[in-house]
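Remarks on the structure that follows.
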Amino acid sequence: MIKITFPDQSVREFKEGVTGLQIAESISPRLAKEVLSVSVNDQVWDCTRPITESAAIQLHKWDDKEGKDAFWHSSAHLLAEALEALYPGVKFGIGPSIENGFYYDVDLGDRVLSDNDLPDIEKKMQELVSQKLTFSRNEVSKSDALEYFKTKEDEYKVELISDLEDGSITLYKQGNFTDLCRGPHLPDTSKIKAIKLLSLAGAYWRGDETRKQLTRVYGITFPKKKLLDEYLVILEEAKKRDHRKIGKELELFTFSHKVGLGLPLWLPKGAQLRERLEQFLKKVQIAYGYLPVITPHIGHKELYVTSGHYAKYGEDSFQPIQTPAEGEEFLLKPMNCPHHCEIYKSKPHSYKDLPIRYAEFGTVYRYEQSGELHGLTRVRGFTQDDAHIFCKPDQLKEEFAKVIDIVLYIFSTLAFDNFITQISLRDPNTPDKYIGSDENWEKAEKAILEVAEEKELDTIIEYGEAAFYGPKLDFIVKDALGRKWQLGTIQVDYNLPERFELEYVGQDNQKHRPVMIHRAPFGSMERFIAVLIEHTAGKFPLWLTPDQAIILPISEKYNNYAQKVSNLLNNSEIRTLVDERNEKIGKKIRDNELRRIPFLLIVGEKEENEGTVSVRRQGDGDKGAMTIENFVNLVTQEIEKQLNQSSNN
RNA sequence: GCCAAUGUAGCUCAGUUGGUCAGAGCAGCUGAUUUGUAAUCAGCAGGCCGUGGGUUCGAAUCCCUCCAUUGGCUCCA
């Protein structure tokens with residue numbers, strides 16, 4: 001007998017060789033039906049794998065990440081089997097589970113897959129599922145594994161196995177398909193009730209641009225048909241919220257081939273929105289002691305040679321601008337930091353001056369690869385809500401904390417209440433990869449970790465993800481559909497102060513090197529607004545939205561009254577339009593609901609006589625008539641609430 | 001940059017096997033209507049069917065080049 005410890009610390013005895021599935025059966029038939037994998041001493045196993053020693057276990061169902069992993073990983077194998085059945089001789093790369101589903105990378109030789117082939121593959125998968133194929137696990141020697149895949153002429157698997165240690169290699173087999181795999185897998189394919197292959201893509205073997213590009217088939221599967229339907233609805237919803245679509249509909253921004261790829265043109269409504277956001281952040285930053293600066297859009301090539309960016313990115317950037325003077329070259333500014341370093345250098349600094357915080361909405365240009373451009377989220381010209389804080393090493397923690405406060409304030413004001421932070425630290429195994437003293441690094445990393453804890457941030461820590469010049473903290477928000485977006489970033493930098501020889505005179509009358517913090521709460525205006533659009537589906541917070549109210553006269557007879565009301569509201573700083581078109585009220589309501597204007601004010605004979613407006617809230621229907629004064633109060637109170645509530649947090 | 005798909009009026013889309021196939025709705029303009037909570041009616045105007053080449057008696061439709069877009073990959077100071 002062996003002792004099995006459950007997550008609640010209770011212990012039960014089972015026969016040696018018992019499986020997770022059998023343990024689940026002993027608890028309840030329903031659990032047995034739902035269990036997908038099992039953690040044995042924190043290693044995720046197949047729930048059909050015999051447990052031979054006493055262990056702590058945890059059973060995983062669909063709702064657990066480990067359960068989904070096993071489910072989707074098994075689905076990837078199923079996809080592979082279907083592909084092999086349909087296209088004999090296909091070679092396999094890797095086929096993991098991912099956040100939403102799974103993929104398999106395959107080499108089909110000369111055969112090209114297209115979207116039209118996906119239904120056939122799906123059908124084949126269904127067919128295999130209905131055979132209720134069991135997944136069986138086999139431990140094999142390295143030589144046997146190599147032998148098997150060499151015979152099969154699957155060079156990718158052979159390469160993978162070559163990198164593995166003998167004794168750690170397992171193969172999984174279901175039906176006619178055998179794959180190199182660590183597992184775990186489902187007991188059999190019958191749990192897979194709904195299959196959808198989503199898309200095809202090219203993917204470099206082992207993510208290496210210089211190697212062969214394989215065909216990647218993406219798919220997702222579910223234990224219930226209903227879950228698939230729900231997932232497809234979310235995909236549809238995401239399409240509806242696409243910022244490129246809404247940006248077009250609401251006339252926020254556009255692109256022009258003549259102007260150039262990845263160079264957004266902000267239309268009046270979009271510009272208004274963006275400027276309001278900028279003003280909002282500027283005000284916050286002034287309160288936090290930031291000093292606005294302005295720097296030019298170009299800089300001497302030497303500036304970026306000094307900063308080191310030219311060596312690293314010069315080739316892939318917009319190429320230097322020549323001047324009539326011999327040998328003189330300027331670069332479009334790819335970042336603001338070097339300029340701000342030069343501002344710092346414009347005069348000597350005492351330790352008493354620090355910290356110094358230079359802020360600029362700085363427009364930068366980067367030559368992103370054409371295949372990378374995407375709406376407003378990846379562009380070639382964009383404006384960073386940039387600032388650089390120059391401080392003493394012992395001020396780092398406090399400055400970091402203040403930046404976090406700003407970001408938190410912004411997020412709460414804009415209703416991003418679901419976010420995590422990622423802290424990127426050094427890879428402890430390669431300390432020589434990083435510039436700056438160990439002492440400073442330790443100080444900075446400790447400061448970031450402490451601040452994150454004090455602010456009670458939901459944090460994940462990534463070792464080895466730090467830039468060579470310093471550790472960083474990124475904010476990753478989840479939008480209304482649960483999609484993740486990286487927005488604000490705070491980075492510590494020991495490199496630029498070194499390269500620019502930045503100094504301050506300390507209390508000891510000696511010269512010292514300041515630490516620099518780069519930070520951008522929005523990241524870039526373009527990206528942030530894109531995410532904001534997708535998060536809100538274009539229904540921006542009242543304080544921010546370009547037009548807050550529109551007056552809809554019942555007929556042209558009431559246009560005069562509408563204008564009068566509009567003037568009153570505009571005087572009360574409520575941004576108001578009038579829909580004077582000769583249309584029926586139903587039409588005006590429909591059109592302006594679609595424009596996502598928060599308040600529709602209907603005025604006709606009754607309202608004119610009583611000096612009122614009939615208020616209709618976008619998406620929420622008729623709210624009844626009220627005086628203009630009451631409406632102004634309603635709006636101003638809501639705006640105050642939006643802006644104040646967050647500052648109390 | 002790489003792989004795949006797509007590219008028809010300002011927008012959303014029809015165009016069957018190459019032969020009145022240059023269409024519709026919305027938006028726009030003109031007129032009628034003067035309207036009470038999500039689309040009033042009628043008329044007009046709008047396109048070198050992404051670009052350049054080719055096949056053909058004939059190409060939006062078939063082939064190739066290029067450009068762009070979309071989904072990924074690589075990249076992202």
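Nucleic acid contact for A/S614: base, since at least one base atom lies under 4.0 Å from a heavy atom of the residue. Contact annotation for A/E607: base contact, defined as any heavy-atom pair under 4.0 Å involving a base atom. Heavy atoms of A/H374 sit under 4.0 angstrom from primed sugar atoms or phosphate atoms, though from no base atom. A/V364 comes within 4.0 angstrom of nothing in the nucleic acid, heavy atoms only. Among the protein residues, A/R211 comes within range of no part of the nucleic acid, since none of its heavy atoms lies under 4.0 Å from any strand. Looking at heavy-atom distances under 4.0 Å, A/L552 makes no contact with the nucleic acid at all. Within 4.0 Å of A/K312, counting heavy atoms only, lies no atom of the nucleic acid at all. When heavy atoms are screened at a 4.0 angstrom cut-off, A/I602 is found touching base atoms of the nucleic acid. Nucleic acid contact for A/E249: none, since no nucleic acid atom lies under 4.0 Å from a heavy atom of the residue. In this structure, A/A201 reaches the bases: a heavy-atom distance under 4.0 Å links it to at least one base atom across the strands shown. When heavy atoms are screened at a 4.0 angstrom cut-off, A/G604 is found touching base atoms of the nucleic acid. Using a 4.0 Å heavy-atom cutoff across all strands shown, A/G371 reaches at least one base atom of the nucleic acid. Nucleic acid contact for A/K248: sugar-phosphate only, since backbone atoms but no base atoms lie under 4.0 Å from a heavy atom of the residue.
On a pure distance criterion of 3.5 Å, no polar donor-acceptor pair joins the side chain of A/Y558 and the base of B/rG36. Side-chain atoms of A/Q213 and base atoms of B/rC2 include a donor and an acceptor less than 3.5 Å apart. A donor-acceptor contact under 3.5 angstrom links the side-chain atoms of A/R378 to the base of B/rC76. Counting atom types as modelled, A/R216 pairs no side-chain N or O with a base atom of B/rA4 as donor and acceptor under 3.5 Å.
Rounded to an integer number of Å, the gap from A/L373 CG to B/rG1 C1' is 12 Å. Between A/K240 atom NZ and B/rC11 atom C1' there is a gap of 18 Å when expressed in whole angstrom units. Following rounding to the nearest Å, A/L331 (CG) and B/rA77 (C1') show an atom-to-atom distance of 13 Å. Rounded to whole angstrom, the span from the OH atom of A/Y103 across to the C1' atom of B/rC3 amounts to 15 Å. Here B/rC73 presents its P atom at 19 Å from CG of A/D107, a figure rounded to the nearest Å. Atom pair A/I517:CD1 and B/rA77:P shows a separation of 18 Å (rounding to whole Å applied). Distance A/Q369 CD to B/rA68 P: 14 Å, rounded to the nearest Å. The CH2 atom of A/W205 sits 18 Å away from the C1' atom of B/rG72 (whole-angstrom rounding).
Atom name C1', nucleotides B/rU51 and B/rA60: the rounded distance is 14 Å, in whole Å. Comparing the P positions of B/rG25 and B/rA14 gives an interatomic distance of 16 Å, to the nearest angstrom. Comparing B/rU35 with B/rG47, their C1' atoms sit 36 Å apart, to the nearest whole Å. For B/rU61 and B/rU8, the C1' atoms lie 11 Å apart once the distance is rounded to whole Å. Taking atom P on both nucleotides, B/rU40 is separated from B/rG52 by 42 Å, rounded to a whole Å. Of the P atoms belonging to B/rA5 and B/rC63, the separation is 11 Å, rounded to the nearest Å. Taking atom C1' on both nucleotides, B/rU20 is separated from B/rG58 by 13 Å, rounded to a whole Å. Spacing between B/rC29 and B/rC48 at atom C1', rounded to whole Å, works out to 25 Å.
Syn is the classification of B/rG46, since its glycosidic angle stays within 90° of 0.
Residue whose closest nucleotide on RNA chain B sits further toward the 5' end, between A/Y218 and A/E556: A/E556. Position along RNA chain B of the nearest nucleotide to A/Y365 versus A/E583 favours A/E583 as the more 5'-ward residue.
As the counterpart of B/rA38, no nucleotide is assigned, since no Watson-Crick or G-U wobble pattern has both distances under 3.5 Å. Across all strands shown, the partner of B/rC73 is B/rG1, judged by Watson-Crick or G-U wobble contacts whose two distances both fall under 3.5 Å. Under the Watson-Crick or G-U wobble criterion, with both distances below 3.5 Å, B/rC11 is paired with B/rG25. Summarising the base pairing, B/rA45 is matched to no nucleotide, lacking a Watson-Crick or G-U wobble pair whose two defining distances lie under 3.5 Å. Using N1 to N3 plus N6-O4 or O6-N4 for Watson-Crick, or N1-O2 and O6-N3 for G-U wobble, each under 3.5 Å, B/rU6 pairs with B/rA68.
Of the candidate nucleotides B/rU37, B/rG1, B/rA77, B/rA77 has the atom lying nearest to any side-chain atom of A/P334. Checked against B/rG36, B/rG71, B/rA77, the side chain of A/S199 finds its nearest nucleotide in B/rG71. Here the nucleotide nearest the side chain of A/I589, chosen from B/rA68, B/rA5, B/rA38, is B/rA38. Among B/rG1, B/rA77, B/rU35, the nucleotide with an atom closest to any side-chain atom of A/S555 is B/rU35. Here the side chain of A/E209 is nearest to one of B/rU35, B/rG1, B/rG71, namely B/rG1. For A/K587, the side-chain atoms get nearest to B/rC26 when compared with the rest of B/rC76, B/rC26, B/rA77. Residue A/Y313 has its side chain nearest to B/rC76 when only B/rG36, B/rC2, B/rC76 are considered. Set against B/rG1, B/rU35, B/rU37, the side chain of A/Y204 has B/rG1 as its closest nucleotide.
With respect to A/H518, the side-chain hydrogen bond (donor to acceptor under 3.5 Å, both in side chains) criterion is satisfied by exactly one of A/D493, A/T489, A/D386: A/D493. Screening A/R595, A/Q272, A/K269 against A/D547 for a side-chain hydrogen bond (donor to acceptor under 3.5 Å, both in side chains) leaves a single residue, A/K269.
Remark: A/E230 CD is packed, more than 12 non-hydrogen atoms of other residues, nucleotides or ligands lying under 6.0 Å away.
A donor-acceptor contact under 3.5 angstrom links the side chains of A/W205 and A/E159, judged on distance only. No side-chain donor-acceptor contact under 3.5 Å links A/Y469 and A/E498. A/T383 and A/R274 share a side-chain donor-acceptor pair at under 3.5 Å.
Across all their heavy atoms, A/L214 and A/Y156 have their closest contact at CD2-OH, 3.4 Å.
With respect to the salt-bridge test (charged N to carboxylate O, under 4.0 angstrom), the residues A/K557 and A/E608 do not qualify.
For the OP1/OP2 pair of B/rC3 and a distance below 4.0 Å, the side-chain nitrogens and oxygens of A/T215 include no atom meeting the criterion. Checking the phosphate oxygens (OP1, OP2) of B/rG36, no side-chain nitrogen or oxygen of A/R616 falls inside 4.0 Å. One finds no side-chain N or O of A/R581 lying less than 4.0 angstrom from the OP1 or OP2 phosphate oxygen of B/rA27.
With hydrogens and angles ignored, the 3.5 Å screen pairs a side-chain donor or acceptor of A/K345 with a backbone N or O of A/F500.
Taking the six-membered ring wherever Trp is involved, the centroid distance between the rings of A/Y344 and A/Y358 does not fall below 6.0 Å.
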